Amino acid sequence: MTLRGPIVDVGDVRTVSTQYGDREVCELRVRPDEGAGDPVRVTLWGKWTHTGEHAEVGMELLVTDPEEDDFGDEAGYTTSEESWVVLEPDFLVDVTGVRSWVQCPRMYYLNKLSGIPLNYPVVKGTVVHEVFGDLLRGVDLDEAVADRVEEAGLELGLLGYEPTEVEDEVRRNAAAVEGWLEQGTLTETDTWRSEYTLISPTFGLKGRADALRRGAPVELKTGKNTKREPRFHDKMQAACYALMLADRGETPDTGTLLYTKNTALDRNEETGDLSPAKEFSVGTGLLKFVVRTRNELAAMEWRTLNDPDPEAGIPTGYEADAKCQYCFEQDTCMVVSGRLNQESKAGQIGEPLPEEERAYLSRFYRALEEERRETHAEYRKLWEQTAAERAEDDRALIDLDPRGQTEIEGGRWRLRAGTPGDAVSKLREGDVALASDGDPVAGHAELGRITSLGEDEVVVETDEPVELRRIDVYPSEISVDRSLTALHDAVLKGDERRKDVLFGRRDPEFSAAPADRDPFIDNNEAQDEAVARAVDAEDFALVHGPPGTGKTYTIARTIRALVDAGERVLLAAFTNRAVDNALEALRDQGFEDVVRVGSQQGVRGDMQDVRLVRRGDPGEKAGELGDAPVVAATTAACGSRVMREQAFDVAVVDEASQLTEPGTLAATNLAERFVLVGDHKQLPPVVRAENDLQRSLFQRLIEDHPEAGVMLDRQYRMSQRIQSFASAEFYDGDLRPATPAVAGQSLADLGADAADLPPALRGGVNFVDPDGDRDGNRNVREAERVAGVVDAYVDAGVDVEDIGVIAPFRAQVAEIGRRTDATVDTVDRFQGSSKEVIVISLVATGDLDGPIFEDHRRMNVALTRAKKALTLVGDAEALASEPFYERLLDWARR
DNA sequence: GCTCTGCCAAGAGGA
């Protein structure tokens with residue numbers, strides 16, 4: 001039995017005499033049954049009182065196997081010998097977090113804030129780990145070393161290393177492992193698994209073990225340890241994995257640390273041992289210590305989010321009993337505590353940040369941590385929802401039929417499975433996902449990449465084979481982590497000049513344009529002015545590009561102008577698609593000297609020829625990136641270790657209105673000046689939590705400094721009739737067709753004859769009321785009618801390829817998709833593209849309740865995808881229930 | 001109640 005619920009009262013720790021002598025106790029009151037039950041007393045005994053000291057009212061408490069007691073006049077529970085006590089179990093602590101927290105709580109925060117920069121020990125460590133995995137998979141040592149070093153070419157090159165010296169060093173580490181594997185330790189009964197992904201719902205832990213040997217965790221270290229015992233924090237790390245295995249009902253009683261820098265010269269004087277391996281026993285005492293440490297960490301994180309003051313400082317922790325004199329982070333630690341004006345045992349360096357900057361940092365830190373909680377909630381669904389619910393939620397492909405496992409290059413595996421019928425999910429080709437035997441938490445799961453997702457078969461590549469019966473979306477904290485780092489770099493490391501404009505202490509400045517400068521763009525004044533603004537900006541420039549106004553063309557022209565002026569340019573955007581589109585425009589204008597940074601899966605096929613392949617000769621790779629005058633990457637990639645080492649004169653950021661403020665900073669941090677391009681009247685950033693992240697830096701700056709912005713006001717996409725509503729509602733009537741031809745376009749231009757259409761569809765904009773009924777997020781009758789409308793257009797001579805259907809919900813998208821060959825998608829996914837004819841299914845009947853309709857910007861996006869004809873399909877009564885939609889209805893019916 | 005793109009993640013060192 002497990003007791004679980006929010007804490008409603010916390011007592012002090014006190015000492016009581018028992019028949020076993022003096023013992024410490026701490027009484028809490030918890031409201032069980034998800035907070036619905038009456039509060040009960042929970043008594044924590046002995047060392048669990050440590051967790052009681054960190055508990056606060058409002059935190060969630062979990063106690064496994066409690067004993068009932070009737071102490072006093074009230075029934076309650078106490079911890080038993082078998083009990084585990086977990087605070088905030090929903091907060092998933094990463095194993096490496098526990099490890100650094102044990103070393104020094106402040107180090108945990110420093111790592112989290114500043115990220116681990118590109119440095120040789122870490123890159124080498126990664127290579128050794130990869131080789132270790134290869135050895136376990138039976139790859140030849142020399143082959144593995146050469147291959148993995150080559151794979152790390154780019155990083156090594158940026159660090160200035162030669163492949164041969166790295167190979168030698170890695171080989172020495174790997175040889176130690178190989179020697180150990182061969183010296184009889186590895187017997188026939190040994191079973192190995194490398195890179196084992198673990199999530200523990202009970203203990204609120206997650207992480208990836210380097211390897212499991214006979215079910216016990218093995219951790220690889222590239223350092224040296226000549227002591228008899230493993231280092232304590234290394235033991236903690238291995239113990240974390242043991243604990244997570246215990247949550248699955250497996251009980252490893254040992255852990256192994258492999259210190260691969262140990263050589264024969266380091267023979268242990270006491271034991272005579274020259275093995276790199278140190279085995280230790282994993283007892284309950286150690287495991288309980290792990291849990292208490294994790295609780296301490298989770299409690300600290302809880303306090304950050306629940307501090308009544310939203311601008312309370314970042315709790316960079318305290319040093320506990322760490323000895324700062326040996327700490328490698330000492331300098332960073334002193335700088336950060338100096339900047340944040342916090343106590344630090346190591347001392348402070350530098351002046352504290354101005355108060356507004358500290359407040360900004362705190363506000364966004366908290367916003368990002370809220371976002372992290374939302375990500376954790378996604379993890380929770382992995383075990384709280386049934387497989388069927390996950391599938392219903394579009395977050396998993398279930399009931400797969402395993403069709404075979406093939407070993408591929410590098411000892412990895414290619415898994416195939418048949419998919420049942422019309423499985424819909426968020427999962428897409430190229431995604432990293434959790435492949436499992438049917439149970440991703442308690443069963444066997446492997447993190448892998450979906451390489452193919454066809455009509456009836458799915459293919460995944462993983463490190464180890466697994467019976468492929470289910471694939472789940474794997475929530476990742478990487479964007480939160482990288483946003484935090486970007487925030488740190490911008491505020492704690494950012495230069496003063498940049499911060500003065502970001503914090504409104506100075507207005508952005510522009511240099512005077514040379515009087516005799518030729519226009520950059522001849523036939524479009526606003527576009528020309530936008531390029532000029534960007535070129536002349538000494539701080540930043542903003543380009544507001546409504547739908548169809550030639551935003552991408554302007555970006556390409558701007559980049560060329562900047563390169564002509566001798567500048568090194570970073571081209572960034574939120575999505576891979578936007579990066580590739582901008583790159584395409586740049587190449588269309590004859591500019592080819594670009595490098596695209598991104599994964600093979602992320603980068604579009606026709607841009608692969610300029611994609612930076614990381615594998616190769618270090619010197620060459622570093623040159624390819626470092627010498628490129630234009631580098632293009634997503635903002636997420638800009639936050640990567642490699643990109644954080646790059647410096648640019650100007651960062652041009654597309655889709656800036658879809659980026660959170662920290663997300664934008666990841667790109668702008670890398671450059672002296674920046675140009676943001678976007679449209680804050682279209683969709684805002686996608687975030688899970690509701691907070692400061694919902695407003696983009698683009699929007700904040702354009703509202704604060706309209707003079708730094710230029711709005712592109714001529715659109716090349718929509719007919720006059722189609723654009724008029726959006727122009728009036730969203731752009732103050734300033735959006736105009738670029739030419740009479742654009743304004744006057746119609747279906748006749750496609751060779752279709754409006755006379756062949758039913759009268760209700762003959763207009764440039766039409767409204768159809770199918771009299772359907774909304775059922776959840778779908779409306780079947782409306783879906784049928786939408787398909788009918790598409791057919792009518794096709795019958796009148798419109799190519800089905802030229803028709804797009806937009807619906808607000810994925811359920812309706814699927815419903816319509818079954819009935820037509822036209823492209824059907826959600827509004828959000830249609831942003832950035834257009835079609836000759838657009839049909840919009842509104843789904844709602846009766847009223848327009850729901851968040852999807854609240855943000856009118858979504859409607860702006862939907863309406864402005866159409867070029868020549870637009871038909872709205874929906875319930876007139878629902879539309880008339882809200883003024884904005886009523887105006888929309890009037891316009892459509894006109 | 002809804003929309004959803006990025007990212008493999010974890011990787012070192014010493015008294």
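Predicted, not measured: the structure shown is a model, and the values here were computed from it. Naming convention: chains lettered A, B, ... in sequence-line order (proteins, then strands); numbering from 1 in each chain.
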**OP:** For A/Arg858, answer base if it contacts any base atom (sugar-phosphate contacts may also be present), sugar-phosphate if it contacts only those atoms, and nothing otherwise; contact means non-hydrogen atoms under 4.0 Å.
**Re:** base
**OP:** Compare the minimum distances between each of B/dT3, B/dA12, B/dA10 and the side chain of A/Val122, then state the nucleotide with the smallest one.
**Re:** B/dA12
**OP:** Side chain of A/Ala636 only, please: which of B/dC4, B/dG6, B/dG14 is the nearest?
**Re:** B/dG6
Subject >> Distance-only donor-acceptor check, side chains A/Arg106 and A/Asn111, under 3.5 Å >> reply: no
Original post:
To the side chain of A/Arg449, which of B/dA12, B/dC8, B/dC4 is closest?
Top reply: B/dC8
**OP:** Report the distance from atom CG of A/Asn111 to atom P of B/dA9, rounded to the nearest whole Å.
**Re:** 18 Å
Original post:
Base, sugar-phosphate alone, or nothing: which one does A/Glu219 contact when heavy atoms must sit under 4.0 Å apart?
Top reply: sugar-phosphate
Original post:
Are any of A/Arg99's side-chain N or O atoms less than 4.0 Å away from OP1 or OP2 of B/dA12?
Top reply: no
**OP:** Please state whether the rings of A/Phe853 and A/Phe809 are parallel, tilted or perpendicular, taking 30° and 60° as the class boundaries.
**Re:** perpendicular
Subject >> Residue A/Ile478, side-chain heavy atoms: nucleotide from B/dC7, B/dC8, B/dC4 that is nearest >> reply: B/dC7
**OP:** Please state how far atom CZ in A/Phe830 lies from atom P in B/dT3, giving the value in whole angstrom units.
**Re:** 16 Å
Original post:
Taking for each residue the nucleotide of DNA chain B bearing the nearest heavy atom, is the 5' side occupied by A/Cys327 or by A/Tyr241?
Top reply: A/Tyr241
Original post:
Taking CZ from A/Arg395 and P from B/dT3, how many angstroms apart are they, rounded to a whole number?
Top reply: 9 Å
Original post:
Does B/dA12 have OP1 or OP2 sitting under 4.0 Å from an N or O in the side chain of A/Asn173?
Top reply: no
Subject >> Those residues that, when tested against A/Thr222, pass side chain to side chain contact (heavy atoms under 4.5 Å, CB included) (two or more places apart) >> reply: A/Lys124, A/Val128, A/Asn173, A/Thr260
Original post:
Between B/dA12, B/dC2, B/dC4, which one does the side chain of A/Glu329 approach most closely?
Top reply: B/dA12
Subject >> Distance, rounded to the nearest Å, where A/Gln103 contributes CD and B/dA15 contributes C1' >> reply: 13 Å
Original post:
Using the ring of each side chain (for Trp, its six-membered ring), is A/Tyr161 parallel, tilted or perpendicular to A/Tyr120, with breaks at 30° and 60°?
Top reply: parallel
Subject >> Residue A/Ile116, side-chain heavy atoms: nucleotide from B/dA9, B/dA12, B/dC4 that is nearest >> reply: B/dA12
Original post:
Any side-chain N or O of A/Thr826 under 4.0 Å from OP1/OP2 of B/dC4?
Top reply: yes
**OP:** Please check the phosphate of B/dA10 (OP1 and OP2 only) for any side-chain N or O of A/Thr96 closer than 4.0 Å.
**Re:** no
Original post:
Just checking A/Glu655: base, sugar-phosphate only, or nothing, at a heavy-atom cut-off of under 4.0 Å?
Top reply: nothing
Subject >> Given B/dC4, B/dA12, B/dG14, the nucleotide with the shortest approach to the side chain of A/Arg829 >> reply: B/dC4
Original post:
With no hydrogens and no angle check, do the side chains of A/Glu464 and A/His444 hold a donor and an acceptor under 3.5 Å apart?
Top reply: no
Original post:
So what does A/Gly207 hit on the nucleic acid, given a heavy-atom distance under 4.0 Å: a base, only sugar-phosphate, or nothing?
Top reply: sugar-phosphate
**OP:** Describe the nucleic acid contact of A/Asp855 in one word from base, sugar-phosphate, nothing, applying a heavy-atom distance below 4.0 Å.
**Re:** nothing
**OP:** Please report, rounded to the nearest Å, how far the P atom of B/dT5 is from the CD atom of A/Glu378.
**Re:** 13 Å
Subject >> Below 4.0 Å: OP1/OP2 of B/dC2 and any side-chain N or O of A/Asn777 >> reply: yes
**OP:** Select base, sugar-phosphate, or nothing to describe what A/Ser476 touches, counting heavy atoms under 4.0 Å on all strands.
**Re:** base
Original post:
For A/Thr826 and A/Asp828, does a side-chain donor sit closer than 3.5 Å to a side-chain acceptor?
Top reply: no
Original post:
Looking across every strand, which nucleic acid part, if any, lies under 4.0 Å from A/Phe574 by heavy atom: base, sugar-phosphate, or nothing?
Top reply: base
**OP:** Have a look at A/Leu683 and say if it touches a base, only the backbone sugar-phosphate, or nothing, with a 4.0 Å heavy-atom cut-off.
**Re:** nothing
**OP:** From the options B/dC4, B/dC7, B/dA12, select the nucleotide whose nearest atom is closest to the side chain of A/Val686.
**Re:** B/dC4
Original post:
Which part of the nucleic acid, if any, lies within contact of A/Asp849, taking any heavy atom under 4.0 Å across all strands shown: a base, the sugar-phosphate backbone alone, or nothing?
Top reply: base
**OP:** Check for a donor-acceptor pair, side chain of A/Asn119 on one end and backbone N or O of A/Val122 on the other, with a separation under 3.5 Å.
**Re:** yes
Original post:
Which of parallel (below 30°), tilted (30 to 60°) and perpendicular (above 60°) describes A/Trp101 and A/Tyr108?
Top reply: perpendicular
Original post:
Quick one: which of B/dA12, B/dG14, B/dC7 gets closest to the side chain of A/Thr634?
Top reply: B/dC7
**OP:** Sequence neighbours left out, what passes side chain to side chain contact (heavy atoms under 4.5 Å, CB included) with A/Thr256? Give chain and number order.
**Re:** A/Trp180, A/Arg213, A/Val218, A/Ala277, A/Glu279
Subject >> Euclidean distance, A/Gln831 CD relative to A/Ser657 OG, rounded to 0.5 Å >> reply: 7.0 Å
Original post:
Whole Å only: how far is the CG atom of A/Leu434 from the P atom of B/dC8?
Top reply: 16 Å
Original post:
Taking a pair as Watson-Crick (N1 to N3 plus N6-O4 or O6-N4) or G-U wobble (N1-O2 and O6-N3), both under 3.5 Å, which stems of 3 or more consecutive pairs involve DNA chain B?
Top reply: none
Original post:
Once you round it to whole Å, what is the distance between P of B/dG6 and CZ of A/Arg596?
Top reply: 9 Å
Original post:
What's the CG-P distance between A/Leu118 and B/dA9, to the nearest Å?
Top reply: 18 Å
